[in-house]
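I have placed the structure first, in the form of structure tokens, so that the comments after it can refer back to it.
Note that this is a predicted model, so its numbers are computed, not measured. All residue numbers in this chain count up from 1 along the given sequence.
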Amino acid sequence: MHKIMLVVGTTSDYIQWIRTSCPGRTLFVTAPGIRQAAQEACPSPKEEILVNLSDTFQVLERLNKHVKTWDQAIEGIYCFDCESMALTACIAEKWGLDYPSVKTIQNCRDKYVSKQIWTRHGIGCPRVAPIKTISDVLAFFRSVTSGCVLKPLTGSGSELVFKCTSKPECHAAFNLIHNGLENRAQNPLFEKSPGQTHLMLAEELIQGTEYSCDFICENNAIHIIRMTRKIKSPFRPFGTIIGYVLPGQLPHSINPDAVDQLLLKSAQALGINRGICMVDFIVSGNTIQLIELTPRPGGDCLPYLLKMSTGTDILKLSLDFARHSPLELTRYDTVTPHVGIRLHADKSGTLRGIETRHLLADTRVKHILLTKKPGRQITLPPDDYDSWSLGHVIIEPSNGKYPESQALSIARTIDIHIEPHQKPTHLSEAS
């Protein structure tokens, strides 16, 4: 009987990465749409189950049939995508595998619930309020001094996240989220917790420097895998991260031991006693305010940034952790600074090309990944948060000095050619 790891609901690029780093050791449960749109090679029937991930009963049935057909034994389970973690928890419970419970996943996915739990445990986080109507938004807005952030109760990243510093902005954001969620009604990323009737979340706006961190929680202790500082731009939609600096140095006023204790307490409060977790937080003054914590490593360009800078393969590490194998852990805080810059389109239209050939001669450029091919139709947020994301560049700045400035300077030399959509011409105008 062949022992394998089960990976539920991940993307085709992650599947290809794992097939390369862990050949023949993984079974993927994949949505048919992901495979149909994939540019990567298709796994063999032995390696992948294509099934509707919204039908838990069908997934369990197909999984049971598959392992019997191919004489496989599942030794562990993992999930890299937020929208598939609840399904993963259900499978783990049925098969007796080590994974956070369904309740724990709900605690992490629901941003209102997680902050309620943290507040009860005395863990610093923004004030929040559940929102049903615009009146709820305005009432919360009046109760805070710095403004507020409106966002979906679930979701990921900056999608449908808006800053409100005036009443007109509150009205506009409420309508955009309301309409955006209606258009995403079938998207599992925005599926709310059972019994949750509120539309969205209002969150106190916290000013400060933002960080993202991956850490291991196990045996009542914490091991930080990476600490990165986020790079934001006033010229992008609120919440958009255009890059990450690794290592992200915390201010000297923040005690590292206190950070470890905070991460441990915040994870355990949500129900995570063992897991590889990602946490986003803001350092405001001398305090840390938690924004989000979930039992998976960070995505976007972060796995590539970590691998280029430290050699750590976070995808393989996550699977080794899930199967309780020994881990090869490296220090993230002793490497020379590296920066991951995310590439975004600046207008809607048809992508004609992205010119990066000149970067091949720049020794500071360690990795380039373009995720959209010429001919792709580009639509900007808030209508679409996927098509405008074009890839990333990983950079090791020379001499380790001014890493952010060097990286942004290099990124600005990349020519992204987008042909704007032509407006329809009326007959009267043509004549």
Side-chain angles (χ1 to χ4, degrees), residues 11 13 33 37 39 149-152 155-166 168-169 171-184 187 189-190 210 230-244 299-302 304-305 339-360 362 365 367-395 404-426 429-430:
T11 53
D13 57 328
Q39 301 177 24
V149 176
L150 283 188
K151 60 176 66 174
S156 180
S158 62
E159 188 161 0
L160 296 178
V161 177
F162 301 95
K163 179 176 71 172
C164 304
T165 56
S166 67
E169 287 181 344
H171 281 274
F174 178 85
N175 290 329
L176 284 168
I177 297 174
H178 184 277
N179 295 334
L181 290 176
E182 284 188 343
N183 295 333
R184 294 163 174 78
N187 188 336
L189 185 61
F190 295 93
E210 296 191 28
K230 297 183 180 183
I231 305 173
K232 304 181 75 173
S233 168
F235 308 109
R236 292 282 187 257
F238 176 76
T240 300
I241 305 304
I242 62 170
Y244 301 87
D300 291 330
C301 65
L302 288 169
Y304 299 89
L305 176 60
V339 184
I341 296 293
R342 303 174 66 206
L343 305 178
H344 293 101
D346 60 0
K347 57 179 171 285
S348 296
T350 303
L351 178 66
R352 293 307 182 194
I354 305 175
E355 183 54 68
T356 61
R357 286 177 296 180
H358 62 287
L359 298 183
L360 298 177
D362 193 327
V365 177
H367 176 75
I368 304 171
L369 176 67
L370 303 179
T371 58
K372 303 295 189 299
K373 292 185 175 181
R376 176 66 184 263
Q377 298 303 305
I378 305 296
T379 303
L380 298 184
D383 296 323
D384 190 337
Y385 287 81
D386 174 64
S387 68
W388 83 314
S389 179
L390 305 177
H392 66 250
V393 180
I394 307 299
I395 297 159
E404 182 175 327
S405 298
Q406 286 193 55
L408 291 174
S409 177
I410 291 171
R412 280 192 286 268
T413 69
I414 297 174
D415 181 27
I416 300 173
H417 181 205
I418 296 174
E419 184 179 297
H421 293 140
Q422 296 294 323
K423 294 183 178 179
T425 302
H426 297 289
E429 295 176 352

Residues passing the ring-ring contact (aromatic ring centres under 6.0 Å, His included) test with His178, sequence neighbours excluded, are none
Roughly how far apart are Lys372 NZ and Leu351 CG, rounded to 0.5 Å?
9.5 Å
Between Ile242 and Leu408, is the side chain to side chain contact (heavy atoms under 4.5 Å, CB included) condition met? List the steps.
CA-CA 9 Å; Ile242 62 170; Leu408 291 174; 4.0 Å; yes
Those residues that, when tested against Thr240, pass side chain to side chain donor-acceptor pair (under 3.5 Å) (two or more places apart)
none
Quick check: closest heavy atoms across Ile341 and Ala407, and the distance to 0.1 Å?
CG1-CB, 3.8 Å
Does the side chain of Leu359 reach to within under 4.5 Å of the side chain of Ile368, using non-hydrogen atoms?
yes
Residue Lys347 excluded, over 12 heavy atoms near NZ under 6.0 Å:
yes
Check against side chain to side chain contact (heavy atoms under 4.5 Å, CB included), Ile414 and Glu355:
CA-CA 6 Å; Ile414 297 174; Glu355 183 54 68; 6.0 Å; no
Taking atom CG of Leu343 and atom OG of Ser389, what is their separation to the nearest 0.5 Å?
8.0 Å
Taking atom types as modelled and ignoring hydrogens, do the side chains of Ser387 and Gln377 form a donor-acceptor contact shorter than 3.5 angstrom?
no
For residues 404-419, the salt bridge (charged side-chain N to carboxylate O under 4.0 Å, His left out) pairs (sequence neighbours left out) are Arg229-Glu404, Arg352-Glu419
SB check Glu182 Arg184 (cutoff 4.0 Å)
no
Which distance, rounded to the nearest 0.5 Å, do you find between the OH of Tyr385 and the CG of Leu160?
5.0 Å
Close side-chain approach of Leu370 and Leu390, heavy atoms under 4.5 Å
no
Steps toward salt bridge (Lys or Arg N to Asp or Glu O under 4.0 Å) verdict (Glu210, Lys232):
CA-CA 9 Å; Glu210 296 191 28; Lys232 304 181 75 173; 2.7 Å; yes
Considering only heavy atoms from C-beta outward, does the side chain of Val365 approach that of Ile410 to under 4.5 Å?
yes
Are Pro382 and Phe162 packed together at the side-chain level, in the sense that at least one heavy-atom pair is separated by less than 4.5 angstrom?
yes
Measure the CD1-NZ distance between Ile354 and Lys373 for me, rounded to the nearest 0.5 Å.
12.5 Å
Give the minimum heavy-atom separation between Ala173 and Cys164, together with the two atoms involved.
CB-SG, 3.6 Å
Does Asp386 have any salt bridge (charged side-chain N to carboxylate O under 4.0 Å, His left out) partners at least two apart in sequence or in another chain, and if so, which?
Arg376
Any chance you could measure Asp362, atom CG, to Leu360, atom CG, to the nearest 0.5 Å?
9.5 Å
In terms of heavy-atom contacts, Ser156 and Leu189 come closest through CB-CD1, 4.0 Å
Going through the distances and angles, do Glu169 and Lys163 end up as a side chain to side chain contact (heavy atoms under 4.5 Å, CB included)?
CA-CA 8 Å; Glu169 287 181 344; Lys163 179 176 71 172; 5.6 Å; no
What is the ring orientation for His367 with Tyr304, classed by angle as parallel under 30°, tilted 30 to 60°, or perpendicular over 60°?
parallel
What pair of heavy atoms forms the shortest contact from Ile418 to Ala345, and how long is it?
CD1-CB, 3.4 Å
Interatomic distance, OG@Ser348 vs CG@Leu380, rounded to 0.5 Å, equals 3.5 Å
Which is it for Val339 and Tyr244 under the side chain to side chain contact (heavy atoms under 4.5 Å, CB included) test, yes or no, and what are the steps along the way?
CA-CA 6 Å; Val339 184; Tyr244 301 87; over 6 Å; no
Please determine whether a side-chain nitrogen of the Lys or Arg among Glu159 and Lys151 lies less than 4.0 Å from a carboxylate oxygen of the Asp or Glu.
no
Restricting to non-hydrogen atoms, name the atom on Phe190 and the atom on Gly155 that form the minimum distance, rounded to 0.1 Å.
CE2-CA, 3.7 Å
Please name all residues satisfying side chain to side chain donor-acceptor pair (under 3.5 Å) with Thr413, sequence neighbours left out, ordered by chain then number.
His358
With sequence neighbours left out, the residues meeting ring-ring contact (aromatic ring centres under 6.0 Å, His included) with Phe238 are none
